[in-house]
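A note on names: the letters A, B, ... follow the listed sequences, proteins ahead of strands, and every chain is numbered from 1. What you see below is based on every heavy atom in this structure, not just the backbone, and it leaves out hydrogens, waters and symmetry mates.
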Number of protein chains: 2
Amino acid sequence: MQGNTAMLRTTEIFSISKDVSVRCTNCNLRELCLPESLSPDEVLRLNGLVSARRRLKKGEALQRAGEPFKSLYAVRSGSFKTCIATEDGRDQVTGFKMSGEIIGLDGIGTNTHIIDVVALEDSEVCAIPFTRFEEASREMAGLQKQFHRIMSREIVGEQGVMVLLGSMRAEERVATFLLNLSRRFRARGYSPTEFNLRMTREEIGSYLGLKLETVSRVMSRFHELELIQIKQKHVLILDPQRLKDIASSATSSV
Amino acid sequence: MQGNTAMLRTTEIFSISKDVSVRCTNCNLRELCLPESLSPDEVLRLNGLVSARRRLKKGEALQRAGEPFKSLYAVRSGSFKTCIATEDGRDQVTGFKMSGEIIGLDGIGTNTHIIDVVALEDSEVCAIPFTRFEEASREMAGLQKQFHRIMSREIVGEQGVMVLLGSMRAEERVATFLLNLSRRFRARGYSPTEFNLRMTREEIGSYLGLKLETVSRVMSRFHELELIQIKQKHVLILDPQRLKDIASSATSSV
DNA sequence: CGAGGGTCTTGACGCAGGTCAATGGAGGGG
DNA sequence: CCCCTCCATTGACCTGCGTCAAGACCCTCG
């Protein structure tokens, strides 16, 4: 990190986090996360809000439905699935969260978490106590604006999933899913054409409203058609364009 | 309809009323809308933000995808459907908005509306310019909190729809839909057991990820089973409990 | 290095809901 | 008041995906 920071930060009376090696200021996710489009001043202040970082091992829950809502979390590394469990024992994956993305927005409305969030691999998050965050965003127009943007995008993103679940056929769903992952990997500086899935076929299926066998079959078909190569969790996208065509192919015979 | 409309007609688009006879302060929707849980002071100030009320006739669009985002709208009377149109010509209903509910949150993220909002009947909304709203919510903690709650609930509500679309069978979807309407009518002081649908079978189907014929068939079956009475748009709920059982019946044989 | 459990693939078959088509109502406009 | 258009209902048939089942692969742990 940046060499001599020793004399800085004395003002942070509340810097609970022992490990200060990662700060919003020099975090390489700042363009994807809350700091996006904040002024340097604001980023500094935001950094002060991060109460602690927390490590989770694969399979561990970051939050559980029913728990009181205290903090938002920004994914620092790794990835998560968000699940909703209905009374009748159904359990559905409603999303996957990657680095830079914000978790916990579900708790704001009722002060209680509604969804479960589980690490798909060993992961790390930054915790942001919400009460203090709200205070700060009253004083920083930029932070307020950015937070509103993030919530709005969450709403829009979910509407996209609703369209997927409501009107796409299995192949379109899977193609859309792969392209979505691809785009997000690219945004994080990883290869958009070669990556490892962090989730199982069952989790993908749950998210896409399909059974795991269908997900597997569709992927095999894409493989045969030489749109992708897939071996277990390893994905290589060979023909993004045809994949896009499939993803947005009106069923039209017209 | 409204008596002599000859001179009004000319500027249909500008049927914005300066009429301020309805104020948040005495609006009977205040418990369902933004003023919920605000102090009288805050409500007064919020009222000052409402730039105008706007009347829409059945079928008229409140906003269209692609238009610049300027204002949030609170539904004052009537109801709306929110639709998303995909490039490939698909068009899906993503929600229905009733009085007291907030429209326009989709535009915040990109300053451009993503969804179409169309009146299902003659309706009226209060327009709230967003820039001024953001300013005000920086100065009023209560308003800020309430706004965050509303966005969070929107997110949670959409997750519920995702579960519906992702894992429910047709009968469960329709039962869930009817109970949802019932609850919202009750919250507004109307009968929870007898009401008129404002949307067509096709719109319901689009929202529920079903075809209109399926919606019709399921409703007819519910009628035969004496769970409801339904004649065209008129609904009478006879057995809410059994409807609930259907809505949350795990497919489980286990 | 081998055993075992979780994950993935693939096949055969069935059914919920889609598709197509015909008919009947309801309501608004002239 | 009547017509016309939109909406809803119902039946018959079809198909995409779910279900069930059998193996194969992979990774971990002893």
Side-chain angles (χ1 to χ4, degrees), chain A residues 57-59 81 90 92-93 120-122 164-175 177 196-225 228-235 246 249-254, chain B residues 1-2 5 9 57-59 81 90 92-93 118 120-122 164-175 177 196-224 228-235 246 249-254:
Chain A
K57 296 207 296 192
K58 182 175 174 173
K81 63 173 174 180
R90 251 187 288 253
Q92 181 167 342
V93 174
L120 293 172
E121 59 193 310
D122 294 1
L164 180 145
L165 291 171
S167 66
M168 290 190 183
R169 289 167 333 99
E171 292 199 348
E172 304 171 53
R173 295 184 197 199
V174 175
F177 174 70
N196 283 300
L197 300 173
R198 308 287 147 71
M199 66 294 282
T200 67
R201 299 288 187 271
E202 185 167 18
E203 286 160 343
I204 297 171
S206 175
Y207 176 63
L208 297 178
L210 301 170
K211 292 293 158 179
L212 69 94
E213 294 94 329
T214 304
V215 174
S216 181
R217 267 187 259 268
V218 170
M219 285 184 168
S220 297
R221 205 173 315 145
F222 285 175
H223 192 131
E224 280 169 36
L225 295 170
I228 64 174
Q229 270 180 32
I230 185 155
K231 179 120 194 261
Q232 305 288 122
K233 295 217 152 49
H234 183 82
V235 176
I246 291 176
S249 62
T251 345
S252 70
S253 37
V254 187
Chain B
M1 291 223 28
Q2 315 280 51
T5 54
R9 208 49 74 210
K57 296 206 298 188
K58 182 174 175 174
K81 63 174 174 178
R90 251 187 289 254
Q92 181 167 340
V93 174
V118 176
L120 292 173
E121 58 193 310
D122 293 2
L164 180 144
L165 291 171
S167 67
M168 289 189 183
R169 290 169 328 101
E171 293 199 347
E172 305 172 52
R173 295 184 197 199
V174 175
F177 174 70
N196 282 302
L197 299 174
R198 308 287 146 76
M199 66 295 282
T200 67
R201 299 289 186 269
E202 184 167 19
E203 286 160 343
I204 297 171
S206 175
Y207 177 62
L208 297 178
L210 301 170
K211 292 294 157 178
L212 69 94
E213 294 94 331
T214 304
V215 174
S216 182
R217 268 186 258 268
V218 170
M219 286 184 167
S220 298
R221 204 172 317 145
F222 285 175
H223 192 133
E224 281 169 34
I228 64 174
Q229 271 180 33
I230 185 155
K231 178 119 193 265
Q232 304 289 120
K233 295 218 154 42
H234 183 80
V235 176
I246 290 176
S249 62
T251 344
S252 70
S253 35
V254 187

With a 3.5 Å cut-off and sequence neighbours excluded, list the donor-acceptor pairs that the side chains of residues 210-222 of chain B form with protein atoms.
from    : atom 1 : to      : atom 2 : distance (Å)
S220(B) : OG     : S216(B) : O      : 3.0
R221(B) : NH1    : E171(B) : OE2    : 2.4

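Contact between I246(A) and A175(A) at its shortest, heavy atoms only, is CG2-CB, 4.0 Å. Residues D122(A) and K58(A) come closest through the heavy atom pair OD1-N, 2.9 Å. Residues Q92(B) and S167(A) share a closest heavy-atom pair of OE1-OG, 3.4 Å.
Distance R221(A) CZ to dT9(C) P: 13 Å, rounded to the nearest Å. If you take CZ of F222(B) and P of dT10(D), they are 15 Å apart, rounded to a whole angstrom. Atom NZ of K211(B) is separated from atom P of dC14(D) by 19 Å (rounded to the nearest Å). For the pair E213(B) CD and dA8(D) C1', the computed distance is 10 Å after rounding to whole Å. The distance between atom CG of L120(A) and atom P of dT7(C), rounded to the nearest whole Å, is 12 Å. Following rounding to the nearest Å, I230(A) (CD1) and dC26(D) (P) show an atom-to-atom distance of 13 Å. Rounded to whole Å, atom P of dC17(D) lies 12 Å from atom CG of L208(A). Regarding E171(B), its CD atom lies at a distance of 10 Å from the P atom of dA16(C), rounded to whole Å.
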Task: Contact state string [nucleotides 23-30 of chain C, B base, S sugar-phosphate only, - no protein heavy atom under 4.0 Å] - done: ---S----
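Distance NZ/K233(B) to OG1/T200(B): 6.0 Å, rounded to 0.5 Å. Within the model, atoms CG of L208(A) and CG of L164(A) stand 6.0 Å from one another, a figure rounded to the nearest 0.5 Å.
Checking dG18(D), dT19(D), dA12(D) against every side-chain atom of L210(A), the shortest atom distance belongs to dG18(D). Considering only side-chain atoms of S216(B), the nucleotide from dT10(C), dT10(D), dG17(C) that sits closest is dT10(D). Nearest nucleotide to the S220(B) side chain, out of dT19(C), dG18(D), dT9(D): dT9(D). In the set dT19(C), dG18(C), dT9(D), the nucleotide with an atom closest to the side chain of L212(B) is dT9(D).
Here the side chain of H223(B) pairs a donor or acceptor atom with the backbone of I230(B) at under 3.5 angstrom. With hydrogens and angles ignored, the 3.5 Å screen pairs no side-chain donor or acceptor of S206(A) with any backbone N or O of E203(A).
For dC26(D), the OP1/OP2 oxygens have no side-chain nitrogen or oxygen of K233(A) closer than 4.0 Å.
At a cut-off of 3.5 angstrom, the base of dG17(C) holds no donor-acceptor pair with the side chain of R173(B). For R169(A) and dG18(C), a side-chain-to-base donor-acceptor distance below 3.5 Å is absent, hydrogens and geometry of angles not being considered.
For the contact set between residues 198-207 of chain B and DNA chain C, defined by any heavy atom under 4.0 Å, there are no members.
Rounded to 10 degrees, the angle between the two end axes of the helix from dC1(C)-dG30(D) to dG30(C)-dC1(D) is 50°, with five pairs used at each end.
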Could you pull out the protein-nucleic contacts involving nucleotides 2-4 of chain D (nitrogen or oxygen on both sides, under 3.5 Å)?
none

Open item on the list: What verdict does the side-chain contact (heavy atoms from CB on, under 4.5 Å) test give for L165(B) and R173(B), after you've listed the backbone C-alpha separation in whole Å, the side-chain angles of each residue and the deciding distance to 0.1 Å?
Closed with: CA-CA 8 Å; L165(B) 291 171; R173(B) 295 184 197 199; 4.0 Å; yes
TODO: With side-chain contact (heavy atoms from CB on, under 4.5 Å) as the test, would you mind laying out the steps for V235(B) and N196(B) before giving the verdict?
DONE: CA-CA 6 Å; V235(B) 176; N196(B) 282 302; over 6 Å; no
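Applying the salt bridge (charged side-chain N to carboxylate O under 4.0 Å, His left out) criterion to E121(B), with sequence neighbours excluded, gives R198(B).
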